[in-house]
Amino acid sequence: MNEAAFSGLNPQQAAAVRYLEGPLLVLAGAGSGKTRVITEKIVYLIEKKGIPARGIFALTFTNKAAKEMASRTTERLTPEQRRGLAISTFHTLGLNFIRREFAALGLRAGFTVLDADDSLSLFKSLINHSEYKDIIEPKAAQWQISQWKNDLIAPQTCYEQAQDDEQRALASLFDQYQRQLAACNALDFDDLIGRPVELLQRDSAVRERWQARVRYLLVDEYQDTNTTQYELVRLLVGKLGALTAVGDDHQSIYAWRGARPENLNRLALDFPNLQRIKLEQNYRSVNSVLQAANHLIAHDTTTESKQLWSDIGAGEAHRVIVCATAEEEAERIATEILHRHFRAQTEYRDFAVLYRGNHQARLIEQALRKLNIPYSLTGGQSFFERAEIKDAMSYLKLLVNPDDDAAFLRVINTPRREIGPTTIEKLGGYARERRSSLYAAARSMGIQTVLEPRATERLNRFCDWLDGLREMRDTDAIDIIRQVFDAIDYPSYLREQEATPKAADRRWQNVEEWLDWLNKISDASSDNGEIMDLPALAQRMTLLGILDQQTREKDSNAVALLTLHAAKGLEFGHVFMAGMEEEILPHRDCIDDERLDEERRLCFVGITRARLSLTFTLTRRRRRYGEWKDTTPSRFLEDIPANLLIWQGEGIEQPKAVTQAQGREHLASIRAMLGKPKAV
DNA sequence: ATGGCTGGCGTTTTT
DNA sequence: CGCCAGCCAT
């Protein structure tokens, strides 16, 4: 092997890229270049080992990560070389699998992928029409059933193992939910992984076909896999174990939603010839940051010890700023950012404020606005929650799958077709009895016996219209959708709904924006040689959701406001961690719990986002649900050696509104008061 | 059908 | 304390 091919990689990274003798687990510390290892390995497999790109599968958890990885390989490979290369999320792989194998799963072409909202609506409707109305909370049911699905437990098994009435009710609800999905020719997100696993397990021909296809599999953020995802990985790689899994148990922060970090250890049991490589050199942070992180995480006994180090420099001690109240904390963060921005010509995009819960963002937002500091806030997928976008998506989904009840209900009276609640209620009852979709019920002969003649007539008109549209399925997807909006005169509908024409215009613009976005999706995938038909477009749309918005945010030069969870995978020059208090971090519900370690890892993730500087803030008293309570500094601060922390607080005067000049002046006074931060 | 009021509740979030 | 959802009243 030519060593020069790996210039720029350290020995461990190079070994991870080169190792092909069996399954490989790369324990990659924060900032140790794990994405780099995966992309280099893909390039290596294609260029040096002659494995065709279409035999290589790389899996991530988020669209963003998949996009990032794809763009990094694009830089290194010719279009010819990377043709057919599958870099995607677990869910997209599952979708592609099901698109090929749907018949064996009892689905019809054009099946719908329900998003979390649609699935919740389905639960609500099932619960409301069941005997356990008022006993079962829809959200809780959705969560529990999702857990079951992710643990590969069938409704039947749930029922047999149920300990009490509530569990029996949930198990029965699970069963009804799955039946209803089948009736609607629909799947939820969990099914995108679960159904392929089920088929691969029971059908050896399918399994062998897929195992032959998957020449090499790479998995990112392996510690975040749940039972189903791990099973999918295992089934796809077979006994050969042509697998590289990259993960970091220190960054396991999603156990609360079903991730099984123990899958890292399970790998060694399932593949006795597993090779392990640790990456401990960090390419992101100064050593004071890494020391804080190392000491903090040393208290987590459930994870494997890794000592991060870098040759980036010593760094400064981290400040711990104690504020009287949360308002003061927010103001303090804002003025600190302003000062540093002007003092060191630091771009706003180099700052991040991290916090445990979204509600903490509000005050910080206000404080930043007061000082005219631009900021970006993640967590809002508001664009896709807008009514006009949901309407538009429902029309598209319904064109593809008339049995999609969620879309059917959304659209049937939008715009008004005088099909009211009474008709829909009767139709729904009829459909439930026959375990069919609403559309199928509307189309059945017997429906006339239940409905008023006038209602039947309106319903038929709507269904005929839908059928007519579906006839045109060969027309370009975007064209059909435009025709639909034309036919229902959606802009006029919006004008009726909105008080001002301006507001209606704005909403129509959103629809236009959505159409542009759809165009982009269908173009992007035709790059891969696959023509995107209407069903594929509708299905993929549900999975891609928020990508666009995230991209837009990236362009702006603004301070990032993020939850600690959302910050994973990102890095910033200067990081503020707000609310370093007991009952916030660690969260109050996790304090006396085995979940405490996950809180510590969350803190670890926050710390390791920082390249150069780290500032912790906390308050002395905080208002919780209207009541003032004294607070205690987070135990995690105690886990960081005292010489790495400089506590500040009492007697430091807060600046009022700050102009640029006043900012410099004030900063000088604060620095005079505090003295220079001492180097470590 | 729509809006206003009240009561209950209040982690983290992707697909 | 604030927000949302759901309910009730118009």
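Proteins come first, then strands; the chains are lettered A, B, ... in the order of their sequence lines, and each starts at number 1.
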Query raised in the report: What pair of heavy atoms forms the shortest contact from W210(A) to R100(A), and how long is it?
Result: CZ2-CD, 3.8 Å
Query raised in the report: Tell me: CG of L562(A) to P of dT14(B), nearest whole Å?
Result: 11 Å
Can you give me the N/O atom pairs linking the protein to nucleotides 8-11 of chain B at distances under 3.5 Å, or say none if there are none?
from	atom 1	to	atom 2	distance (Å)
dT11(B)	O4'	H587(A)	NE2	3.1
dT11(B)	O4	R595(A)	NH1	2.9

Report task. May I ask you to establish whether R601(A) and F604(A) are in a cation-pi arrangement, using a distance under 6.0 Å from NZ or CZ to the six-membered ring centre and at most 45° from the ring axis? Result -> no
Query - Distance between P atoms of dA5(C) and dT12(B) (Å, rounded) - result: 15 Å
Requested in this report: Verify whether one side chain among R260(A) and N150(A) offers a donor that lies under 3.5 Å from an acceptor in the other.
Outcome: no
Query raised in the report: Rounded to whole angstrom units, what separation is found between the CG atom of L363(A) and the P atom of dC1(C)?
Result: 15 Å
Query raised in the report: Looking for any heavy atom pair under 4.0 Å, which part of the strands does R623(A) touch: base, sugar-phosphate only, or nothing?
Result: nothing
Query raised in the report: Taking O4'-C1'-N9-C4 for purines and O4'-C1'-N1-C2 for pyrimidines, is dT11(B) syn (within 90° of 0) or anti?
Result: syn
Report task. Using the C1' atoms only, state how far dG2(C) lies from dT13(B), rounded to an integer number of Å. Result -> 22 Å
**Report entry** d(CZ, F604(A); P, dT12(B)) in whole Å
**Finding:** 23 Å
Requested in this report: Sequence neighbours left out, what passes side chain to side chain donor-acceptor pair (under 3.5 Å) with D391(A)? Give chain and number order.
Outcome: R410(A), Y490(A)
Query raised in the report: Taking the side chain of H565(A) as heavy atoms from C-beta outward, which of dT12(B), dT14(B), dT15(B) is closest to it?
Result: dT12(B)
Query raised in the report: So which nucleotide from dT13(B), dT15(B), dG6(C) ends up closest to the side chain of K124(A)?
Result: dG6(C)
Report summary line: Whole-Å distance, L354(A) CG to dT12(B) C1', equals 13 Å
Requested in this report: May I have the distance from R601(A) (atom CZ) to dT12(B) (atom P), rounded to whole angstrom?
Outcome: 18 Å
Report summary line: K568(A) atom NZ is separated from dT15(B) atom P, nearest whole Å, by 13 Å
Requested in this report: Measure the distance from CD on Q251(A) to C1' on dT14(B) and round it to the nearest whole Å.
Outcome: 17 Å
Query raised in the report: Judged by modelled atom types alone, do S119(A) and Q142(A) share a side-chain donor-acceptor pair under 3.5 Å?
Result: yes
Query - Partners meeting salt bridge (charged side-chain N to carboxylate O under 4.0 Å, His left out) with R362(A) (sequence neighbours left out) - result: none
**Report entry** Aromatic contact, F123(A) with Y177(A) (centres under 6.0 Å)
**Finding:** yes
Report summary line: Here the distance between atom P of dC3(C) and atom CD of Q360(A), to the nearest Å, is 16 Å
